[in-house]
J.: 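My questions will all concern the structure given below.
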Amino acid sequence: MKTTARAHSNIALVKYWGKRDVHLNLPAVGSISITLDRLFTETTVEFEDGLEKDLLLLNGQEASVKETSRIGTFMDLVRQETAVNSFARIESHNNFPTSAGLASSASAFAALSLAATHAAGLNLPPLRLSELARKGSGSAARSIYGGFVEMAKGERADGSDSAAYQLVEKDYWDIRVLILITSEEEKKTGSTDGMTLSRQTSPYYDAWVRSSPADLDEMRHAVINKDFELLGDLSEFSCLKMHALALAGRPGIIYWNSTTLELMNRIRSLREDGLPVYFTIDAGPQVKALCLPEGMDAVKQALADIPGVIRIIETGLGDGARLTGDIEG
Ligand code: PMV
């Protein structure tokens, strides 16, 4: 069966940084995210007898050896779970420019998990899909669901309880995000390397892990009570704490550029002027401004003309991973 699935990207409000098991890709901390409507990956998978390896087309072009091998390792996991032994033809499209340095691994592995298992004849419940997606990329576990999502770090050594679940549907609370693109260069330190460096060398690592459950408790509370001030304040806290951890490694990792810093300052001064807006930043230089619908236009106007802002993408909350096409083979 040839199967197509779509999954959206997400942004963490309480960040995941650090692995308790690198091989199984188990997070050292839980995280809470929102799934984004505007950015998604659509992936088609077809298993085919006679192929000598998995073939990957990314945005219409043959993928690099590195990308193909990462996908091949993931597809081996799918084959282990199913009766299918053959390799697959995989075609994947992002509806946003990959060069924009926006995380595409979350939407990519969530879409691939759903398309590949379905193409192999498996109908996995969301929790199992999330656990599988996690093995491709930690943040992908969250993109299985729409709205507000929590990823549990899990306690078991085999990772079977390390998966995400939905906190509330997207319609529960209308939050908007402005994604401010400040660079289109590929980042120098990927998340896995960055996390390893932080664990091995950052003196703040233990404090980061120890303080995580309290952040998660508070964020859950903020979401359930629709407390935007608390949500925003905690998002900035978790984001800056994660970056402090990475900065304090040896060598320290600086993910920001000068526009990133300027945007953080401007967002804080807009807030002093009474606009409800907060920032969060992943392992890269793009800034995500968290807004309420009524404040979004004013925030956009105030940030658009800052030198170094290349582009702004506006988004609301999106749905979870879903099948978008099936053709009987
Ligand atoms: O899913 P990964 O391995 O690319 O890690 C994601 C790390 C952050 O984006 C920085 C934080 C997060 O929780 O998404």
J.: Would you say the side-chain atoms of Y278 pair up with the backbone N or O of L230, donor to acceptor, closer than 3.5 Å?
T.: no

J.: Do S105 and S137 get their side chains close enough for a donor-acceptor pair, meaning under 3.5 Å?
T.: yes

J.: Please report the shortest heavy-atom distance between E155 and D161, naming the atom on each side.
T.: N-OD2, 2.8 Å

J.: Do other residues, nucleotides or ligands put more than 12 heavy atoms under 6.0 Å from D158 CG?
T.: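 Counting neighbours around CG of D158, more than 12 heavy atoms of other residues, nucleotides or ligands fall under 6.0 Å, so yes.
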
J.: Is the cationic atom of K135 (NZ for Lys, CZ for Arg) positioned less than 6.0 Å from the six-membered ring centroid of F74 and within 45 degrees of its normal?
T.: no

J.: Apply side-chain contact (heavy atoms from CB on, under 4.5 Å) to R38 and S9, showing your working.
T.: CA-CA 8 Å; R38 171 68 181 73; S9 181; over 6 Å; no

J.: Are any side-chain N or O atoms of S130 and backbone N or O atoms of A141, one a donor and one an acceptor, separated by less than 3.5 Å?
T.: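 Answer holds: yes.
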
J.: Applying salt bridge (Lys or Arg N to Asp or Glu O under 4.0 Å), name anything that partners E169, two or more places apart in sequence or on another chain.
T.: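 Residues passing salt bridge (Lys or Arg N to Asp or Glu O under 4.0 Å) with E169: none at all.
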
J.: Begin with the C-alpha distance, continue with both residues' side-chain angles, and end with the deciding distance and a verdict on side chain to side chain donor-acceptor pair (under 3.5 Å) for S183 and N257.
T.: CA-CA 8 Å; S183 166; N257 58 35; 4.9 Å; no

J.: So, the side chain of T189 versus the backbone of G194: is there a donor-acceptor pair under 3.5 Å, distance only?
T.: no

J.: Check for a donor-acceptor pair, side chain of R6 on one end and backbone N or O of A111 on the other, with a separation under 3.5 Å.
T.: no

J.: State whether the side chain of R176 and the backbone N or O of G295 hold a donor-acceptor pair below 3.5 Å, judged by distance alone.
T.: no

J.: Under a plain distance cut-off of 3.5 Å, with no hydrogens placed, do R142 and S33 share a side-chain donor-acceptor pair?
T.: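 Checked: S33/R142 side chains pair up, N/O donor to acceptor below 3.5 Å.
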
J.: Roughly how far, to the nearest 0.5 Å, is CG of L292 from CZ of F228?
T.: 4.0 Å

J.: Where the side chain of N10 meets the backbone of A106, is there a donor-acceptor pair that is under 3.5 Å apart?
T.: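 Answer holds: no.
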
J.: Which value, rounded to the nearest 0.5 Å, describes the distance between Q166 atom CD and T35 atom OG1?
T.: 8.0 Å

J.: If we ignore hydrogens and angles and just use 3.5 Å, is the side chain of S238 paired with the main-chain N or O of L234 as donor and acceptor?
T.: no

J.: Please enumerate all residues that pass side chain to side chain contact (heavy atoms under 4.5 Å, CB included) together with S258, with sequence neighbours excluded.
T.: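 Per chain and number, S258 pairs via side chain to side chain contact (heavy atoms under 4.5 Å, CB included) with no residue.
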
J.: Assess the residue pair M264 and I281 against the criterion (side-chain contact (heavy atoms from CB on, under 4.5 Å)); give the C-alpha distance rounded to whole Å, side-chain angles, the decisive distance to 0.1 Å, and a yes or no.
T.: CA-CA 9 Å; M264 288 191 259; I281 303 157; 3.7 Å; yes

J.: May I ask you to check whether T315 and D37 show a side-chain donor-acceptor distance below 3.5 Å?
T.: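 Judged by distance alone, the side chains do not pair up.
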
J.: For atom CD of E229, decide whether the heavy atoms of other residues, nucleotides or ligands shown that lie under 6.0 angstrom number more than 12.
T.: no

J.: When clusters are formed from ILVMFWY side-chain contacts under 4.5 Å, directly or step by step, what else is grouped with I254?
T.: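 L247, all in the cluster of I254.
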
J.: Scan for salt bridge (charged side-chain N to carboxylate O under 4.0 Å, His left out) pairs involving residues 230-256, sequence neighbours excluded, and state none if there are none.
T.: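 For residues 230-256, and leaving out neighbouring residues, the salt bridge (charged side-chain N to carboxylate O under 4.0 Å, His left out) pairs sorted by first residue read D215-K241, E236-R268, E236-R271.
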
J.: So, using salt bridge (Lys or Arg N to Asp or Glu O under 4.0 Å) as the criterion, who are the partners of R322 when residues are at least two apart?
T.: none

J.: Clusters formed by hydrophobic residues whose side-chain heavy atoms approach within less than 4.5 Å: which one holds V65, and what are its other members?
T.: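 Answer for V65: none, a lone residue.
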
J.: Do V309 and V299 share a hydrophobic cluster (ILVMFWY, side-chain heavy atoms under 4.5 Å, transitive)?
T.: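 Result: yes, single cluster for both.
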
J.: Measure across D54 and G72 and return the closest heavy-atom pair with its distance rounded to 0.1 Å.
T.: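 Here D54 and G72 meet closest at OD2-CA, 3.6 Å.
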
J.: Counting heavy atoms not belonging to Y204, are there more than 12 under 6.0 Å from its OH?
T.: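 At most 12 heavy atoms, drawn from other residues, nucleotides or ligands, come within 6.0 Å of this atom.
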
J.: Would you check if there is a donor-acceptor pair between the side chains of S92 and T43 at a distance under 3.5 Å?
T.: yes

J.: Give me the atom names and distance for the closest heavy-atom approach of D21 to H23.
T.: OD1-N, 2.9 Å

J.: Check step by step if side-chain contact (heavy atoms from CB on, under 4.5 Å) holds for F279 and L263.
T.: CA-CA 9 Å; F279 63 77; L263 281 164; over 6 Å; no

J.: Could you tell me whether the side chain of E184 reaches within less than 4.5 Å of the side chain of R311, counting heavy atoms only?
T.: yes

J.: Return the minimal non-hydrogen interatomic distance between V29 and V209, and the atom names on each side.
T.: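 In terms of heavy atoms, the two residues are closest at CG1-CA, 3.9 Å.
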
J.: Could I get the full list of salt bridge (Lys or Arg N to Asp or Glu O under 4.0 Å) partners for R134, not counting sequence neighbours?
T.: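 Per chain and number, R134 pairs via salt bridge (Lys or Arg N to Asp or Glu O under 4.0 Å) with no residue.
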
J.: In terms of heavy-atom contacts, does CD of E81 have more than 12 from other residues, nucleotides or ligands at under 6.0 Å?
T.: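 Count over threshold, so yes.
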
J.: Taking ring-ring contact (aromatic ring centres under 6.0 Å, His included) as the definition, give me every residue that meets it alongside F237, ordered by chain and number, with sequence neighbours left out.
T.: none

J.: Please tell me whether I181 and F96 are part of a single hydrophobic cluster in this structure, the criterion being side-chain heavy atoms less than 4.5 Å apart.
T.: yes

J.: As an exercise, state the distance from CG of L24 to NZ of K19, rounded to the nearest 0.5 Å.
T.: 11.0 Å

J.: Quick one: list whatever passes side chain to side chain contact (heavy atoms under 4.5 Å, CB included) with F148, sequence neighbours left out.
T.: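 Once residues adjacent in sequence are excluded, the partners of F148 under the side chain to side chain contact (heavy atoms under 4.5 Å, CB included) criterion are I34, L167, V168, W173, I175, V223, L231, L317.
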
J.: Tell me if a side-chain donor or acceptor on E46 pairs with a main-chain N or O of I90 at a distance below 3.5 Å.
T.: no

J.: Kindly indicate, with the supporting measurements, whether the criterion side-chain contact (heavy atoms from CB on, under 4.5 Å) is fulfilled by M75 and F87.
T.: CA-CA 8 Å; M75 292 300 288; F87 292 105; over 6 Å; no

J.: For the pair T280 (side chain) and C239 (backbone), establish whether a donor and an acceptor sit closer than 3.5 Å, ignoring hydrogens and angles.
T.: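 Not at all, since once roles are kept as given, no pair shorter than 3.5 Å links the two residues.
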
J.: I need the I179 CD1 to L39 CG distance, nearest 0.5 Å.
T.: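 One gets 4.5 Å once the value is rounded to the nearest 0.5 Å.
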
J.: Quick check: closest heavy atoms across L51 and A88, and the distance to 0.1 Å?
T.: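 Where L51 meets A88 most closely, the heavy atoms are CD1-C, 3.7 Å.
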
J.: Taking the basic N atoms (NZ, or NE/NH1/NH2) and the acidic carboxylate oxygens, is any pair closer than 4.0 Å for K300 and D297?
T.: no

J.: How would you list, by chain and number, every residue that makes a ring-ring contact (aromatic ring centres under 6.0 Å, His included) with F40, sequence neighbours excluded?
T.: H8

J.: Closest heavy-atom contact between A248 and P203?
T.: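 Looks like O-CD, 3.3 Å.
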
J.: Got a sec, which residues hit ring-ring contact (aromatic ring centres under 6.0 Å, His included) with F47, two or more places apart in sequence or on another chain?
T.: none

J.: Does the side chain to side chain donor-acceptor pair (under 3.5 Å) test come out yes or no for N94 and T41, once each step is laid out?
T.: CA-CA 4 Å; N94 292 323; T41 301; 2.6 Å; yes

J.: Could you list all the salt bridge (charged side-chain N to carboxylate O under 4.0 Å, His left out) pairs where at least one residue sits in residues 188-209, not counting sequence neighbours?
T.: none

